[in-house]
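Reading through the structure tokens given below for one structure.
Quick note: numbers below take in every heavy atom, side chains included, and nothing from hydrogens, waters or symmetry partners. From a predicted model like this one, the values you see are computed outputs, not experimental measurements.
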Amino acid sequence: MSDESRLLIAICTYNEIHNLPSLYESLRENFTRATLLVVDDRSPDGTGDWCDRTAEVDPLFRVLHRKEKSGLGSATLAAFEYGIEKDFDFVLTMDGDWSHHPAEARDVFDSLLHDPDCQLSIGSRYIRGGKIEGWPFKRHLMSFCINTYARWMIGLKTADCSGAFRCYRTSFLRQVDFARIQGMGYAYLEEILWWARCLQARITETPITFTNRTAGQSKINYKEAIRAVWIIFCIGLQRILRLKTPRPS
């Protein structure tokens with residue numbers, strides 16, 4: 001059995017019918033043996049229906065239908081649990097709006113696959129060779145601030161702390177207590193890196209080009225940004241007081 005066949009590619013969606021079909025086709029060109037999983041939060045635009053039809057013709061396509069829109073973090077944790085339950089070796093997460101290119105997903109996966117000591121590979125916008133296309137100034141500023149804040153507050157060493165383009169070994173994910181993840185939105189991204197830091201997991205970063213969506217509506221909002229700041233502050237406080245710190249098993 002090939003390494004690629006042990007890979008689960010997870011995409012969390014809400015109203016991505018204008019992006020998902022073409023993204024799926026491109027993913028299949030780059031990953032012929034990987035299993036694709038869509039976690040859909042009951043999209044009213046027909047995304048879930050498209051997933052059901054695709055699952056009927058592609059035996060390596062799966063869909064989890066959730067009852068309501070519950071946040072990226074919550075959906076991603078559901079994908080992690082699915083990957084662990086089905087005994088995959090790797091779980092790769094990416095956006096469903098073409099911000100993350102399937103060809104670069106291969107690079108993110110390969111960088112983890114070729115380093116047996118590495119537990120997490122990040123598709124990074126902020127290392128040499130990485131870049132962002134199509135963002136307004138305020139998005140650049142918000143991303144810079146949250147990344148700088150996370151590195152300072154909770155001691156993260158990664159350049160890109162807030163990107164969702166990642167590949168995990170499930171051996172690492174099995175050590176994470178998902179019940180202790182507070183961020184059901186985007187804040188889970190920094191929380192997972194906090195767990196990786198505490199568990200002494202090796203992380204690598206691969207340069208990617210992040211492209212702002214051209215179809216559909218962004219799910220980013222200031223309420224979630226404020227929530228992320230608060231959660232990172234709470235983790236930082238726990239770090240200072242050495243409370244509830246994850247330990248290697």
Side-chain angles (χ1 to χ4, degrees), residues 1-12 26-37 60 72-73 76-77 79-95 99-132 143 147 150-151 154-178 181 186 188-211 245-249:
M1 186 173 291
S2 70
D3 289 308
E4 185 184 313
S5 69
R6 307 303 305 150
L7 170 66
L8 177 71
I9 301 175
I11 303 172
C12 302
S26 185
L27 276 170
R28 270 290 167 249
E29 291 174 2
N30 288 275
F31 297 92
T32 58
R33 297 183 181 88
T35 297
L36 308 185
L37 171 69
L60 294 178
L72 176 64
T76 304
L77 294 184
F80 289 162
E81 291 171 342
Y82 182 93
I84 292 170
E85 178 186 349
K86 301 300 182 182
D87 202 31
F88 285 93
D89 292 336
F90 311 94
V91 178
L92 187 149
T93 59
M94 60 187 298
D95 292 346
S99 294
H100 302 147
H101 200 284
E104 293 186 320
R106 168 60 66 179
D107 297 332
V108 174
F109 173 56
D110 284 347
S111 67
L112 181 63
L113 182 64
H114 296 153
D115 185 347
D117 295 325
C118 187
Q119 297 296 309
L120 168 58
S121 172
I122 297 175
S124 180
R125 302 161 291 181
Y126 297 126
I127 63 170
R128 185 181 181 88
K131 60 181 178 178
I132 299 171
S143 180
N147 277 277
R151 286 193 295 270
I154 59 180
L156 300 181
K157 304 300 183 183
T158 48
D160 196 335
C161 305
S162 61
F165 201 3
R166 301 177 177 177
C167 191
Y168 305 81
R169 289 189 190 272
T170 52
S171 57
F172 161 68
L173 293 175
R174 287 188 177 94
Q175 298 180 71
V176 178
D177 184 356
F178 297 143
I181 299 292
Y186 290 86
Y188 91 93
L189 292 160
E190 289 83 11
E191 286 192 82
I192 290 289
L193 293 182
W194 167 242
W195 274 85
R197 180 185 184 278
C198 293
L199 296 172
Q200 301 176 3
R202 177 178 167 83
I203 301 173
T204 187
E205 294 187 78
T206 299
I208 58 105
T209 297
F210 181 97
T211 305
T245 303
R247 300 291 184 185
S249 58

Just wondering, do [Y] and [X] contact through their side chains at under 4.5 Å, heavy atoms?
X    : Y    : result
C167 : L7   : yes
Q119 : S171 : yes
F210 : K131 : no
I154 : R197 : no
T211 : H101 : no
T76  : L189 : no
R202 : D115 : yes
I9   : L27  : yes

So which atom in [X] and which in [Y] form the shortest heavy-atom distance, rounded to 0.1 Å?
X    : Y    : value
A159 : E205 : N-OE2, 2.8 Å
L72  : C12  : CD1-CB, 3.8 Å
R128 : P207 : O-CB, 3.5 Å
L173 : F178 : O-CZ, 3.7 Å
A79  : L8   : O-CD2, 4.0 Å
R28  : L36  : NH2-CG, 3.7 Å

If we ignore hydrogens and angles and just use 3.5 Å, is the side chain of [X] paired with the main-chain N or O of [Y] as donor and acceptor?
X    : Y    : answer
T170 : F88  : yes
S162 : N147 : no
E104 : T209 : yes

Notebook entry, point to check: With sequence neighbours excluded, what pairs up with R125 under the salt bridge (Lys or Arg N to Asp or Glu O under 4.0 Å) test?
Noted result: D160
Note to self: According to salt bridge (Lys or Arg N to Asp or Glu O under 4.0 Å), who are the partners of R106, at least two apart in sequence or on a separate chain?
What the structure shows: E4, D110
Once rounded to the nearest 0.5 Å, what's the spacing between atom [atom1] of [X] and atom [atom2] of [Y]?
X    : Y    : atom1 : atom2 : result
L37  : T93  : CG    : OG1   : 11.5 Å
D107 : I208 : CG    : CD1   : 10.5 Å
C161 : E191 : SG    : CD    : 13.0 Å
L112 : C118 : CG    : SG    : 5.0 Å
R166 : L92  : CZ    : CG    : 11.5 Å
Y188 : W195 : OH    : CH2   : 16.0 Å

Check: Should the pair F80 and Y168 be assigned to parallel (<30°), tilted (30 to 60°) or perpendicular (>60°) ring geometry?
Finding: perpendicular
Item checked: Residues that F90 engages under ring pair (Phe, Tyr, Trp, His ring centres under 6.0 Å), provided they are two or more places apart -> F109
Item checked: Test log, rule side chain to side chain contact (heavy atoms under 4.5 Å, CB included), inputs I192 and F172 -> CA-CA 10 Å; I192 290 289; F172 161 68; 4.1 Å; yes
Next item on the list: Decide yes or no on side chain to side chain donor-acceptor pair (under 3.5 Å) for S111 and T206, but give the supporting numbers first.
Entry: CA-CA 7 Å; S111 67; T206 299; 3.1 Å; yes
